[in-house]
Protein chains: 2
Amino acid sequence: MEWKIDENLPIRTQLTEQLAAYIASGCFKPGGRFPSVRELAADAGVNPNTMQRALSELEDMGLIITNRTAGRCVTDDMEKINNVRKKQAKKQVEAFLEKMKALGFSRDEIADVINEAIKEGE
Amino acid sequence: MEWKIDENLPIRTQLTEQLAAYIASGCFKPGGRFPSVRELAADAGVNPNTMQRALSELEDMGLIITNRTAGRCVTDDMEKINNVRKKQAKKQVEAFLEKMKALGFSRDEIADVINEAIKEGE
DNA sequence: TAATCTGTATTAATTGATTAATACAAGCAT
DNA sequence: ATGCTTGTATTAATCAATTAATACAGATTA
């Protein structure tokens with residue numbers, strides 16, 4: 001499992017976002033077992049308390065289900081997962097466009113730059 | 001002057017980024033007068049100390065020049081300004097692509113979504 | 001000259017996030 | 001039944017960012 005944590009930004013937020021992305025992208029199977037708080041915390045090199053809060057947020061989003069003593073599992077509600085995926089993507093797109101516009105990029109310029117970047121990555 | 005501050009993220013970083021964008025996009029004329037620390041701080045609703053640090057970062061980036069007692073002015077080095085503009089844009093593009101990939105979006109999907117979003121805004 | 005503005009520096013207080021160190025109750029497997 | 005793991009809760013400590021309240025020196029301006 002891979003973690004990209006920027007020490008300068010709130011950790012809990014990043015944990016939530018990345019775990020949500022892992023679920024949304026199918027890295028965690030819908031309906032499948034979800035790792036324990038302590039396991040995830042150790043893996044991410046983070047305090048269990050912080051991870052616990054991130055998981056609470058994931059549950060609020062409806063992405064995981066908690067069984068008090070038997071651990072957690074990923075929701076099997078594919079519609080919910082897809083909704084979260086779309087919502088997160090929309091959020092990223094909007095934030096990106098806003099920042100590019102602030103830098104003075106026109107719509108056309110943004111399209112050019114992004115298409116160029118996508119090509120380069122191949 | 002417009003400020004978009006997310007209380008959950010480090011303020012100084014956001015101030016620096018937004019001011020850099022204002023300069024990069026030409027909202028502040030190259031070579032022109034730059035507002036005082038106190039003025040900017042009051043306008044942004046932020047502590048002068050925090051704004052001061054943001055301005056220090058802007059100076060480190062070479063975007064503004066400080067005249068100890070006569071205030072500051074924007075650099076007239078257009079090349080420097082353009083470099084910063086490109087650098088910031090690249091940073092935004094890369095961060096955006098990474099997050100979209102984490103959500104399980106393919107290159108084609110990303111291209112579709114972004115082009116759609118650009119169209120919609122018109 | 002006096003008032004005002006500039007950037008800068010300093011120290012303390014405050015606030016929030018994160019860590020740390022536990023503890024507890026419930027389920028599950030041996 | 002015993003030991004293990006689970007999620008959860010609690011309290012204190014730590015650390016960094018931000019705010020607050022000043023102060024100072026130099027330049028400008030009226």
Side-chain angles (χ1 to χ4, degrees), chain A residues 1 3-20 22-23 28-76, chain B residues 1 3-20 22-23 28-76:
Chain A
M1 191 134 195
W3 299 96
K4 293 176 188 173
I5 304 293
D6 181 343
E7 300 293 342
N8 301 322
L9 301 178
I11 299 177
R12 182 176 30 83
T13 313
Q14 298 179 71
L15 295 177
T16 305
E17 190 175 296
Q18 285 177 43
L19 285 170
Y22 275 127
I23 295 174
F28 287 113
K29 290 181 184 173
R33 183 86 166 74
F34 200 72
S36 76
V37 189
R38 295 170 175 83
E39 202 174 333
L40 287 170
D43 188 54
V46 153
N47 190 280
N49 250 322
T50 307
M51 184 59 76
Q52 161 81 12
R53 285 168 197 136
L55 296 192
S56 291
E57 291 178 4
L58 280 186
E59 185 162 25
D60 291 342
M61 296 165 73
L63 289 180
I64 60 179
I65 291 147
T66 302
N67 306 304
R68 193 92 171 55
T69 60
R72 303 176 215 248
C73 60
V74 182
T75 182
D76 58 359
Chain B
M1 192 139 194
W3 299 96
K4 292 176 187 171
I5 305 295
D6 182 343
E7 300 292 342
N8 301 322
L9 302 177
I11 298 178
R12 182 174 31 80
T13 313
Q14 298 179 68
L15 295 176
T16 305
E17 190 174 296
Q18 284 177 43
L19 285 171
Y22 275 128
I23 294 174
F28 287 113
K29 290 183 184 174
R33 183 89 167 71
F34 200 72
S36 77
V37 190
R38 295 169 175 85
E39 202 175 336
L40 286 170
D43 189 53
V46 156
N47 190 281
N49 250 323
T50 308
M51 184 58 76
Q52 162 82 9
R53 284 169 197 133
L55 296 191
S56 292
E57 291 179 3
L58 280 185
E59 185 160 27
D60 291 341
M61 296 165 74
L63 289 181
I64 60 178
I65 292 150
T66 301
N67 305 303
R68 194 90 168 60
T69 60
R72 304 176 214 248
C73 60
V74 183
T75 182
D76 58 358

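Quick caveat, the model's predicted, so the values are computed rather than measured. Sequence lines set the chain letters: A, B, ... in the order given, protein chains first and strands last, and positions in each chain run from 1.
Of the residues in residues 50-67 of chain A, those with a non-hydrogen atom less than 4.0 angstrom from any atom of DNA chain D are A:Gln52, A:Thr66.
If you take CD on A:Glu59 and OG1 on A:Thr75, they are separated by 10.5 Å, rounding to the nearest 0.5 Å. The distance from atom CD1 of A:Ile11 to atom CE of A:Met51, rounded to the nearest 0.5 Å, is 10.0 Å.
Residue order along DNA chain D, read from the 5' end via each residue's closest nucleotide, puts A:Ala70 first among A:Ala70 and B:Pro48.
Counted by atom type alone, A:Arg72 and A:Thr66 present one or more donor-acceptor pairs between their side chains at under 3.5 Å.
The nucleotide whose nearest atom lies closest to any side-chain atom of B:Val46 is, among C:dG27, C:dA17, D:dT19, D:dT19. For A:Thr69, whose side chain is taken as the heavy atoms from C-beta onward, the closest listed nucleotide among D:dA20, D:dT8, C:dA26 is C:dA26. In the set C:dT6, D:dT8, D:dT18, D:dT8 carries the atom at the smallest distance from any side-chain atom of A:Arg72. Of the candidates C:dG7, D:dT19, D:dT18, the closest approach to any side-chain atom of B:Val37 belongs to C:dG7.
Counting to the nearest Å, the C1' atom of D:dA17 and the CD atom of B:Glu7 are 12 Å from each other. If you measure from atom CG of A:Leu40 to atom C1' of D:dT5, you get 14 Å, rounded to the nearest angstrom. In this structure, B:Ile11 places its CD1 atom 13 Å from C1' of D:dA16, rounding to the nearest Å. Whole-Å rounding puts the A:Glu39 CD to D:dC4 P distance at 17 Å. Across the protein-nucleic acid pair, B:Arg12 atom CZ and D:dT19 atom C1' stand 14 Å apart, rounded to whole Å. Across the protein-nucleic acid pair, B:Asn8 atom CG and C:dT18 atom P stand 10 Å apart, rounded to whole Å. Atom P of nucleotide D:dT6 and atom CZ of A:Phe34 are separated by 13 Å, given to the nearest angstrom. Nucleotide D:dT18 holds its P atom 10 Å from the CG atom of B:Leu9, rounded to whole Å.
Dashed line: the shortest gap from a side-chain N or O of A:Arg38 to OP1 or OP2 of D:dT6 is not under 4.0 Å. B:Ser36 has a side-chain polar atom (N or O) that falls below the 4.0 Å cut-off from OP1 or OP2 of C:dT6. OP1 and OP2 of C:dT8 both lie 4.0 Å or more from every side-chain N or O belonging to B:Arg68.
Sorted by first and then second residue, the ring pair (Phe, Tyr, Trp, His ring centres under 6.0 Å) pairs involving residues 30-65 of chain B (not counting sequence neighbours) are B:Phe28-B:Phe34.
Annotation for B:Leu15 and B:Ala54: closest pair CB-CB, 3.8 Å, computed over non-hydrogen atoms. The minimum heavy-atom distance linking A:Ala41 with A:Asn47 is given by the pair CB-C, 4.1 Å.
Counting heavy atoms from C-beta outward, A:Ile5 and A:Val46 have side chains that stay 4.5 Å or more apart.
You'll find a donor-acceptor pair under 3.5 Å spanning the side chain of B:Asn49 and the base of C:dT10, going by distance alone.
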